[in-house]
> 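My questions all concern the structure below.
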Amino acid sequence: MLILVTGGAGFIGSHIVTALTGAGHDVRVLDALLPAAHRTPPPVPDGVDWRHADVRDAEAVADALRGVDAVCHQAAMVGLGKDFADAPDYVRCNDLGTAVLLAGMAEAGVERLVLASSMVVYGEGRYACTRHGVVRPGPRRGADLEAGCFEPPCPHCGEPLAAGLVAEDAPADPRNVYATTKLTQEHLSAAWARATGGRVAALRYHNVYGPGMPRDTPYAGVASLFRSALSRGEAPRVFEDGGQRRDFVHVRDVAGGNLAALDGVDTLPEGSLRAYNVGSGEPHTVGEMAAALAEAHGGPVPVVTGEYRLGDVRHVTASSQRLRDELGWKPRVGFAEGMAEFASVPLRAG
């Protein structure tokens with residue numbers, strides 16, 4: 001198959017391109033090389049049809065879609081950004097870009113899409129109260145966070161909650177601009193599928209890390225921020241009390257998830273979108289991740305700062321059972337192995 005990978009020069013996209021070419025697919029890349037993700041152009045892999053263009057450029061998208069069998073849509077602004085002033089850029093890049101791409105796919109008759117979504121669409125993860133069962137905590141309050149009360153209480157009785165694994169049927173509850181744009185991408189893709197008879201596998205990535213992460217940027221994930229600090233000889237700065245639970249999944253496993261989704265998207269009903277969590281199945285706290293990375297790197301011990309960001313959530317960890325059962329995927333890189341590797345590999349300068 002000829003696969004178009006939007007954002008194929010990025011951190012995750014470049015690993016997907018490598019996995020696709022290794023599996024014998026022909027690959028075409030469309031990437032705008034936006035400064036927030038790229039300071040220097042990356043090398044073009046051998047045999048890859050490279051297009052330096054923006055996914056919001058309808059003419060470039062139409063040209064890139066010629067002869068394509070499926071699209072792997074990775075192009076997006078990621079992370080929380082610096083402040084709410086970034087909101088227009090997130091909407092333009094993520095939602096307008098997706099709309100232009102989908103319109104081009106409808107015109108070209110391309111009917112298979114693997115969409116890079118995110119666990120951020122859930123907001124907080126799955127919580128259970130001993131008295132009220134599974135509950136949805138409300139947004140965390142600045143006053144509570146300022147007082148060091150980081151755990152969300154039961155919205156009914158105020159008692160502590162137990163965090164668990166979130167499945168794909170959990171209600172969406174995006175709690176920042178980036179999360180809202182990722183959910184909008186899913187809705188746009190579902191509307192495209194219904195209108196065209198297309199099929200969409202929406203991969204909700206959890207906390208992706210690994211070789212090639214960009215360094216020293218506010219748009220990178222927490223793993224990159226910690227690794228960047230260690231490279232500068234500084235201690236990783238851990239927000240809140242470090243007890244936030246996440247699922248850190250290696251980028252090569254994420255690339256494998258994309259391969260599985262491209263192979264399995266034809267099994268979905270026409271006109272449908274199916275969401276799949278992509279996580280390691282090994283929840284860890286942010287503090288544990290920082291400590292493992294610092295130890296493997298031989299750098300300073302992490303500093304727990306008590307700082308917080310209102311757009312952050314406390315716990316969100318994945319059940320990836322659907323992806324395992326339906327598409328035959330499983331993660332291969334364990335937490336200890338992945339962090340040991342990540343501690344020593346170079347980060348991407350841009």
Side-chain angles (χ1 to χ4, degrees), residues 12 73-81 84 86-87 90-91 93-99 101-102 113-129 132-141 152 154-156 161-195 198-208 221 244-247 249 254 257 261 265 268-269 271-279 283 309-323 326-327:
I12 297 174
H73 183 31
Q74 307 295 313
M77 279 185 68
V78 299
L80 281 180
F84 199 83
D86 285 330
Y90 275 101
V91 173
C93 286
N94 298 358
D95 299 338
L96 176 59
T98 299
L101 173 66
L102 293 170
L113 173 65
V114 175
L115 173 69
S117 187
S118 173
M119 55 87 177
V120 296
V121 302
Y122 299 117
E124 291 285 352
R126 186 183 188 277
Y127 292 88
C129 173
H132 296 97
V134 176
V135 297
R136 298 288 296 175
R140 297 195 293 171
R141 301 187 309 164
C154 175
H156 305 296
L161 298 173
L165 301 181
V166 63
E168 292 87 350
D169 58 359
D173 185 18
R175 299 198 174 189
N176 55 60
V177 171
Y178 170 61
T180 302
T181 65
K182 297 308 287 184
L183 184 58
T184 300
Q185 286 183 298
E186 288 195 18
H187 288 320
L188 285 168
S189 299
W192 164 82
R194 286 190 293 270
R199 297 173 170 91
V200 185
L203 302 184
R204 293 173 175 171
Y205 303 156
H206 283 247
N207 288 69
V208 187
Q244 311 94 301
R245 290 172 65 82
R246 298 290 187 269
D247 188 319
V249 58
V254 171
V265 69
L268 301 178
S272 69
L273 178 147
R274 185 75 163 158
Y276 296 93
N277 286 332
V278 185
R309 297 184 298 184
L310 273 176
D312 282 338
V313 298
R314 181 61 176 175
H315 304 298
V316 55
T317 54
S319 168
S320 300
Q321 198 62 43
R322 177 183 290 182
L323 187 57
E326 296 184 8
L327 300 184

> Can you find a heavy atom in the side chain of Asp312 that is under 4.5 Å from one in the side chain of Arg309?
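Side-chain contact under 4.5 Å: yes.
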> Is any side-chain heavy atom of Val265 less than 4.5 Å from a side-chain heavy atom of Val200?
no
> Considering non-hydrogen atoms only, spot the tightest contact between Gly271 and Arg194 and give its length.
O-CG, 3.6 Å
> So, the side chain of Gln185 versus the backbone of Asn94: is there a donor-acceptor pair under 3.5 Å, distance only?
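Side chain of Gln185 to backbone of Asn94, a donor-acceptor pair under 3.5 Å: yes, one is there.
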> Please evaluate residues Glu168 and Arg274 with respect to the criterion salt bridge (Lys or Arg N to Asp or Glu O under 4.0 Å), reporting the C-alpha separation (whole Å), side-chain torsions for both, the decisive distance (0.1 Å), and the verdict.
CA-CA 9 Å; Glu168 292 87 350; Arg274 185 75 163 158; over 6 Å; no
> Out of Asp95, Val120, Leu115, which one pairs with Lys182 under the side-chain contact (heavy atoms from CB on, under 4.5 Å) rule?
Val120
> Do Gln74 and Tyr205 have a side chain donor and acceptor closer than 3.5 Å?
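Indeed, the side chains of Gln74 and Tyr205 share at least one donor-acceptor pair under 3.5 Å.
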> Do Trp192 and Thr98 make a side-chain contact, defined as non-hydrogen atoms from C-beta onward lying under 4.5 Å apart?
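No, their side chains stay 4.5 Å or more apart.
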> Counting C-beta onward and ignoring hydrogens, is there a side-chain heavy-atom pair between Val177 and Asp86 closer than 4.5 Å?
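Val177 does not reach Asp86 side chain to side chain.
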> Tell me, please, which residues at least two apart from His156 pass ring-ring contact (aromatic ring centres under 6.0 Å, His included).
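Once residues adjacent in sequence are excluded, the partners of His156 under the ring-ring contact (aromatic ring centres under 6.0 Å, His included) criterion are His132.
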> Report the distance from atom CG of Leu310 to atom CG of Asn176, rounding to the nearest 0.5 Å.
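Here the rounded value is 11.0 Å.
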> Determine whether a donor-acceptor pair (N or O, by modelled atom type, separation under 3.5 Å) exists between the side chain of Tyr178 and the backbone of Ala87.
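Side chain of Tyr178 to backbone of Ala87, a donor-acceptor pair under 3.5 Å: no, none is there.
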> To the closest 0.5 Å, what do you measure between CG (Leu188) and CG (Leu102)?
6.5 Å
> Mind listing the closest non-hydrogen atom pair of His206 and Gly279 along with its distance?
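Residues His206 and Gly279, closest heavy atoms: CB-CA, 4.4 Å.
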> Ignoring hydrogens and angles, state whether a donor on the side chain of Asn277 or Tyr122 is under 3.5 Å from an acceptor on the partner side chain.
yes
> With sequence neighbours excluded, what pairs up with Asp173 under the side chain to side chain donor-acceptor pair (under 3.5 Å) test?
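Asp173: side chain to side chain donor-acceptor pair (under 3.5 Å) contacts with Arg175.
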> Taking atom OG of Ser118 and atom CG of Leu183, what is their separation to the nearest 0.5 Å?
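Atom-to-atom, Ser118:OG and Leu183:CG are 10.5 Å apart.
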> About how many Å separate CG of Leu113 and CG of Leu273, when rounded to the nearest 0.5 Å?
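Spacing of CG (Leu273) from CG (Leu113) equals 8.0 Å.
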> Would you check if the side chain of Ser272 reaches a backbone N or O of Leu268 as a donor-acceptor pair within less than 3.5 Å?
no
> Examine distances only and state if a side-chain atom of Tyr127 and a backbone atom of His315 form a donor-acceptor pair shorter than 3.5 Å.
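Yes, Tyr127 side chain to His315 backbone: donor-acceptor pair under 3.5 Å.
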> Nearest 0.5 Å please: distance from the CZ atom of Arg246 over to the CE atom of Met119.
5.5 Å
> For residues Leu161 and Cys129, report the shortest heavy-atom separation together with the two atoms involved.
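Minimum heavy-atom separation between Leu161 and Cys129: CD2-CB, 3.6 Å.
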> Starting from the C-alpha separation in whole Å, work towards a yes-or-no answer on side-chain contact (heavy atoms from CB on, under 4.5 Å) for Val114 and Leu203.
CA-CA 7 Å; Val114 175; Leu203 302 184; 3.8 Å; yes
> With a 4.5 Å cut-off on side-chain heavy atoms, are Leu323 and Val278 touching?
yes
> Measure the CZ-CD distance between Arg136 and Glu124 for me, rounded to the nearest 0.5 Å.
8.0 Å
> I'd like to check the side-chain contact (heavy atoms from CB on, under 4.5 Å) partners of Pro283; sequence neighbours left out, ordered by chain and number.
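Leu165, Arg245, Thr317.
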> State which residue, out of Glu326, Arg204, Arg322, fulfils the side-chain hydrogen bond (donor to acceptor under 3.5 Å, both in side chains) condition with Tyr276.
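Passing option: Glu326.
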